[in-house]
Amino acid sequence: DTEVTQTPKHLVMGMTNKKSLKCEQHMGHRAMYWYKQKAKKPPELMFVYSYEKLSINESVPSRFSPECPNSSLLNLHLHALQPEDSALYLCASSPSGNTIYFGEGSWLTVV
Amino acid sequence: AQSVSQHNHHVILSEAASLELGCNYSYGGTVNLFWYVQYPGQHLQLLLKYFSGDPLVKGIKGFEAEFIKSKFSFNLRKPSVQWSDTAEYFCAVNANNNDMRFGAGTRLTVKP
């Protein structure tokens, strides 16, 4: 069974705060992803890491900063966010860039 | 880059009705195709996928999808829906480059 673990499940932060979302997978997958999903909308690709290197950055504002410390971990550092950044942030991983397996997501509210 | 269109925004069916959700993609090369489901308040789950071979693929929970290359389509079907199938359904396409793109989604409501 596949498992992508995300923490925290819920995060409320102020516009001046610095926080991080964390993602972990132990399936040996070499690609890891961050998606953003607003209510009743499809997931939007933010970043892709392939073999621990950033391979896709979908013109995401610099207040979102991804980091891939090793092949099992993926972080999303958040700083000076806006209320419109409130969304469900989904981490995903893939063994070879085809089938993607999603975590349960982190619900972010910016106040 | 590839793109995906789902033409049905919201579909309402009664239990036991048959389901077909449309999905069309735009990309000139080889693609991998997927359907994901998102139940209310839950994360995305893979229903089925097509990489190559038999264009009729079967997934979990009685769902199937047919890849028609000439029509750039990958429609999702189920012969008889249940109330528990109420969810959001997303078609997605990946062009073998780690870049997975999703359609806008179709909300399915099944009335008991």
Side-chain angles (χ1 to χ4, degrees), chain A residues 1-7 9-10 21 23 25 27 29-60 66 68 71 74 87-107, chain B residues 1-11 21 23 25 27 29-53 57 59-60 65 67 74 86-109:
Chain A
D1 224 15
T2 59
E3 188 170 327
V4 177
T5 306
Q6 290 187 242
T7 55
K9 292 199 187 312
H10 297 273
L21 304 180
C23 176
Q25 58 89 11
M27 298 173 283
H29 291 176
R30 307 312 298 194
M32 295 187 76
Y33 307 74
W34 280 115
Y35 281 84
K36 174 183 176 180
Q37 187 179 23
K38 302 282 272 186
K40 300 188 189 301
K41 297 290 185 183
E44 296 174 13
L45 184 64
M46 298 176 73
F47 303 104
V48 181
Y49 275 83
S50 179
Y51 292 89
E52 301 164 49
K53 289 195 167 80
L54 184 64
S55 62
I56 297 177
N57 178 342
E58 287 293 306
S59 302
V60 179
C68 189
S71 60
L74 185 66
L88 177 66
Y89 288 84
L90 295 163
C91 176
S93 70
S94 173
S96 55
N98 41 48
T99 307
I100 290 181
Y101 299 94
F102 286 87
E104 294 191 1
S106 292
W107 290 95
Chain B
Q2 64 273 30
S3 65
V4 187
S5 297
Q6 290 181 246
H7 307 295
N8 311 107
H9 179 63
H10 187 191
V11 172
L21 301 181
C23 173
Y25 68 92
Y27 187 74
T30 302
V31 293
N32 300 318
L33 297 157
F34 307 83
W35 277 97
Y36 285 86
V37 61
Q38 191 170 32
Y39 297 102
Q42 294 191 26
H43 64 292
L44 285 154
Q45 299 174 41
L46 181 67
L47 265 183
L48 48 78
K49 59 188 177 185
Y50 172 80
F51 291 165
S52 63
V57 292
I60 61 172
F67 171 54
F74 189 56
T86 294
E88 190 87 19
Y89 292 81
F90 294 99
C91 182
V93 60
N94 180 310
N96 285 321
N97 59 357
N98 287 331
D99 187 355
M100 178 83 89
R101 300 287 171 161
F102 287 82
T106 297
R107 184 155 58 102
L108 172 65
T109 301

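Proteins get letters first, then strands, A, B, ... in listed order; numbering begins at 1 in each.
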Heavy-atom closest contact (A:Pro42 atom, B:Gly103 atom, distance):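 In this case the closest contact between A:Pro42 and B:Gly103 is CB-O, 2.9 Å.
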Contact summary for B:Lys49 and A:Tyr101, nearest pair of heavy atoms: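 Shortest heavy-atom contact: NZ-OH, 4.0 Å.
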Contact origin within B:Gln38 toward chain A - heavy atom pairs under 4.5 Å: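 Only the side chain of B:Gln38 comes within 4.5 Å of chain A.
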Toward chain A, the part of B:Leu46 with a non-hydrogen atom under 4.5 Å: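 The answer is the side chain of B:Leu46.
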Close side-chain approach of B:Tyr36 and A:Pro43, heavy atoms under 4.5 Å: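 No, too far: nothing below the 4.5 Å cut-off.
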Any B:Phe102 side-chain heavy atom under 4.5 Å of A:Gln37 side chain: no
Under 4.5 Å from a heavy atom of chain B, the part of A:Glu44 involved: neither
Distance (rounded to the nearest 0.5 Å) between A:Thr99 OG1 and B:Asn94 CG: 8.5 Å
Separation of A:Leu45 CG from B:Arg101 CZ (nearest 0.5 Å):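 Atom-to-atom, B:Arg101:CZ and A:Leu45:CG are 5.5 Å apart.
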Counterpart residues, ring pair (Phe, Tyr, Trp, His ring centres under 6.0 Å), relative to A:Phe47 (two or more places apart):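 Result, ring pair (Phe, Tyr, Trp, His ring centres under 6.0 Å) vs A:Phe47: none returned.
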A:Lys38 atom NZ: more than 12 heavy-atom contacts under 6.0 Å: yes
